[in-house]
Structure formats: C-alpha cells, structure tokens
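Numbered from 1 within each chain, the chains take letters A, B, ... in sequence-line order.
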Amino acid sequence: MALVREILRSDLKDLTVVSYGGADVGMLCAAGKVKKVVFAFVSLDFIPLEPYFRQARQSGAIEVMEIDEGMMLLGLRAAAWGVPYIPTEVGLGTDIVTKNPDIKVIDSPYDDKEWVAMPALKLDASLIHADRADERGVCQIAGPDHYMDDWFARAADKTFVSCDELVATEYFHDPAQARLVHWERSQTTGVVPIAGGAHPTSCSPMYGFDVPHFKAYTGSAKEGGIQAYFDKYLGASEEEYQQNVGGLDAIRAIELPTY
Amino acid sequence: MTVASDYTLAELCIVAASKAFADEGEVLATGIGVIPRLAASLAMKTTNPDLMMTDSEAWMLSEPNPIGKRGEDHMQANESWMGFSRIFDNVWSGKRHAMLGPTQIDKYGQTNTSALGGTYEAPKVMMLGARGFPGNSISHPNSFFVPSHNTRVFMDGECDFVSSIGYNPERLPKGHSLDDIDIRLIVTDLCVMDFGGPDHQIRLVSLHPGVTAEQVQENTAYAVHIEGDIPTTEAPTEEQLAIIAQMDPHNQRAYQIKDNPPGVRS
C-alpha cells in the first residue's frame, strides 16, 4: 500500500489496474488515476463492499474487465509462461464471456467442446509488499498465504517490492526462511524498505489490518469524500502518512484477524 | 437423539443446510457466511466426518474452527496448506461443494453477485463482483442460502449479470449438457428448495414450520414446482443444537436472519 500511496502522490494517471481488489483499487479510482480495472472482486474483507470502487462503477467512470478469480490466476500464469492464453471452462455460460468481447471462446483440437481462452494478463509493473527482502531482490512472504504475489511478479516486466525489513542475504541461508521465498530474485526489479508499508492492510504474521482506519476510510465516502481522507492521512511522504495514522509502533501492534 | 422443541429459525436453517453436505464424501466444503459455515461444520461433525474445511484463510483443517475470537489456548487442527492459489486446483478438480448467498437467483438457477440495474457500464448498484462463481458453478455442486426469501432475490426474468451458470438452455456451452450443472439445495428463511422439477424447474422440498406453499410462491417471482404434500423441514435435535452452540460460541447466528425469529412461526 505504501507503493500505491506513492502513485496517489504522483501525477500518474490512465492506469489499467489488475488486482484481487481492495482499498488499492478504491483509492486509485477515487483519485482519478484509473482508466480500467481488471478484477474478480473488490472488497475490504470484513467490510464487504469497497465504497470508492462502487462510486466509480456506478458513475461509469471506469472501464472494466470482470473475470472469475481463478481466471485471473490463469491470465497471470499465461503472461508468466509467455503463452497467449490458457484454456479453461471457467466463465462458460456466464456474463464473463458476454460482457468481455476480448475474451474469446474457442474450439479444442482434442474434443468437441468449446473452451474459454483466458488471455495473458501481461503487466508493465507489479507492486508487492513483502515481509523481508535482501538488496538483490530475494523476497520473503512469511504469512500463511502468499496469495498470487509470485504470479504477479512473474507476469510483469518490472516488479517493485516494499518490505517491512531489509535483511542480509545470510538470513536466507536458513532453509526454513528460504522455504518462504516464492519467486526468484531475477523477477524483482527493485526493493525499498518501508516498515509498516502494508498499512492499512495486513502483513501477517507481523501485523493485522487496521479496522478503525478502514471504518474512517469507508465513512469518508459518505461524508467528506476522498479529498477529506487524503487531507487527513496521505501526507507528502510515507513518514507523514505514518505519523497521521498513529506511528509505526501502533501499526505493528495491530493484532491479526480471526477468521 | 432428542428432537428440540425450542430453536431459532437460524438453527433450523443450519440443520437443513447441513443436509447438502451429508452424502458428499471427501470433498472440500466451503460455506460462505455464518449459517453456511455452521451448516458445513455441523455436517463434518455428524453426518460426514470425511468432509474437508479450511480456516477461511490458508490452512485445511481436520476439525472445523469455532466462529469468531477463540481462546489463547485454541490450537486449530491443521492438516495441510490450502492457500488461495491452491483452492483452484481443488475447485477445478470438482472435489468441492460450496454454499453461498447470491443477491439474485433466477428461474434457471443462474445467480448474480455483481451488478444490479442501470447498464453494465454504469450499474445502479455495484456489489462484490463475479468472484469465484463462474468457476464454482461449472466445476462442482453448489447450494445457496438466502436469509430473506423475496421476489428481489428470486426475481422475474434473467439475472442482471449472470455470475454463475445455471439451467438456461440458451447459455449452454457447446458440448455440454444441462445435467452437467449441479445445483443442490436452496435453503431460505421460508423453505428448502432444489431444481428437481420438470426440466430443472425450481421445486419446493420442505416448508419451515408455520410457512405455507402459497407464501413461498408469493415470494418467488417465477413458478415453483409444488407437488403432493410438502413435508415440514425437520426440527433440529438437542445434539445438533449443542454442536452448533459449540461451533458458534459468540452466537453470531442470532444476527443472520432479521429479528432472529423462532424456528416455529405462528
């Protein structure tokens, strides 16, 4: 999220965002940075609906490519593997294929069925937050799930990683630590240490997501709008942001959620 | 087994929904929401101990977790890793049964979790998105839970956005048969239904105590197949209620159906 906040502070715009979406998508939409969103869901987890994504959709402000969440994984894999598409039956019979003219249904050379050809989702850049990384881009996701971070890294021309801790390479000499490295350093373009950089989302097992902050964020959609939220929290730098949300110690003290 | 005389509608629905998982064998049960999750947990602890469940985050469990905050000494019964990407390996293999709560369910059993009204480019109400419904619906059995049975959910016409494949011949993919699609139980606050009527028509299976077939039809915008004497949904047993209470120590089930009505309505 620290990297997303840098985009919010920048003059970047007209972005096509590919995301298992949360507040990253909502904030970028609300700030007018987004041309198109490729998504299967956009949610704040314990708050099911993302308010600023909804506003953007309901006002017709953004283009969308709405797909199944497994299709997104296939699209990332196709990009990573250098193939134009991966066949799947996912999406057949639904509006995924009728509302996305760019997703083609094809015949198989091996049977008489039709299949969805999920196109490669080739990314210019992936933005990832890791627990730990070394200077050459060995990145560790120590939480119970690394989600699709490995495939985002592989699908992109460039991958930029913020990390909670920058460690010496020797840290990974311990096989138990190396086991939690899910992509090769050749996939990482650059690493920047930003402790607490996942806030307000979680970086399990270090810290959970900030429930009161998310409530303030969703509340701003009803009163004040995104500018009021940015005025109060965003700041000119990540240092300012962290001061505005209570400081790094407070971030790192946020307990992990129970599901 | 002692039949309970005092139970809530939520508890009746949990027991009714747990039947969806009873004969499934060794599949991953995914119940999204409190009542479906408790239904799967109850089945795993009674009728189908072979069922598999996750902790809703990243581990597969050999014992379901109670819902909500657990004591410091609680040790969950992990048996394997089941992170987000691995879920699809399981889903697409078909070894899964999901129970979910869509916003719309049309006469074909197609559902909508995405966009309501307006145009697709600018819908009146944007919801979650298609999520995993397209993949679930074509890969494995699915059941639905609807906490408020009305004609907005069981609506007229076709879903505004079709997130999951149903029994619509117009949308049937080449080389597929309608019998490949497997929608199991629909449990609502009024009744239990399935798509076992003629030509995969929705069919009334049982009525919750105090509910009439007319009420079900009035609250469903398309014709429900109603044939013969419709049985009353089975009351929970005391043993089932005890397991539900153990799986839901903070009584979150009391907040799932408006006003938490009793199971037997007068």
Measuring heavy-atom distances to chain A, does Arg37(B) have an atom under 4.5 Å in its side chain, in its backbone, in both, or in neither? side chain

Residue selection (most heavy-atom pairs with chain A, distance under 4.5 Å) from Gly175(B), Gly135(B), Ser56(B), Pro173(B): Pro173(B)

Quick one: of Arg57(A), Arg54(A), Lys99(A), who has the most non-hydrogen atom pairs under 4.5 Å with chain B? Arg57(A)

Sequence-distant partners of Thr54(B), side chain to side chain donor-acceptor pair (under 3.5 Å), two or more places apart: none

Part of Ser85(B) lying under 4.5 Å from any heavy atom of chain A: both

Could you label the plane-to-plane angle of the His149(B) and Phe154(B) rings as parallel, tilted or perpendicular, counting under 30° as parallel and over 60° as perpendicular? tilted

Can a salt bridge be assigned to the pair Asp95(A) and Arg171(B) using a cut-off of 4.0 Å between side-chain N and carboxylate O? yes

Would you say NZ of Lys33(A) has more than 12 non-hydrogen atoms from neighbouring residues, nucleotides or ligands within 6.0 angstrom? yes

Which class fits the ring pair Phe41(A) and Phe84(B): parallel under 30°, tilted 30 to 60°, perpendicular over 60°? tilted

Tell me, side chain or backbone of Val64(A) under 4.5 Å from chain B's heavy atoms, or both, or neither? side chain

Hey, could you give me the CZ/CG distance between Phe88(B) and Leu73(A), rounded to the nearest 0.5 Å? 6.5 Å

What part of Leu49(A) gets closer than 4.5 Å to chain B, counting heavy atoms only: side chain, backbone, both or neither? side chain

Which atoms of Ile67(A) are under 4.5 Å from chain B, going by heavy atoms: the side chain, the backbone, both sets, or neither? backbone

Bottom line for Asp150(A): the part with an atom under 4.5 Å from chain B's heavy atoms is neither

Under 4.5 Å heavy-atom distance to chain A, tell me which part of Glu121(B) shows up: side chain, backbone, both or neither. backbone

Pro141(B) and Arg184(B): which non-hydrogen atoms are nearest, and at how many Å? CG-NH2, 3.5 Å

Residue, of Lys174(B), Glu170(B), Arg131(B), Met127(B), that accumulates the most heavy atom pairs under 4.5 Å with chain A: Arg131(B)

Val125(B) portion near chain A, given a 4.5 angstrom heavy-atom threshold: both

Parallel, tilted or perpendicular, judged at 30° and 60°: which one describes the rings of His97(B) and Phe21(B)? tilted

Measure Asn78(B) against the heavy atoms of chain A and call it side chain, backbone, both or neither at under 4.5 Å. neither

Best-contacting candidate, Gly70(A), Gly60(A), Ser59(A), against chain B by heavy atom pairs under 4.5 angstrom: Gly70(A)

Side chain, backbone, both or neither: which part of Tyr120(B) has an atom under 4.5 Å from a heavy atom of chain A? both

Where on Lys69(B) is there a heavy atom nearer than 4.5 Å to chain A: the side chain, the backbone, both, or neither? both

Classify the angle between the aromatic ring planes of His200(B) and Tyr167(B) as parallel (below 30°), tilted (30 to 60°) or perpendicular (above 60°). parallel

Test Arg96(B) against every option in Asn142(B), Asn90(B), Asn136(B) by the side chain to side chain donor-acceptor pair (under 3.5 Å) rule and name the one that passes. Asn136(B)

Given Thr258(A), Val90(A), Asp68(A), the one with more heavy-atom pairs under 4.5 angstrom with chain B than any other is Asp68(A)

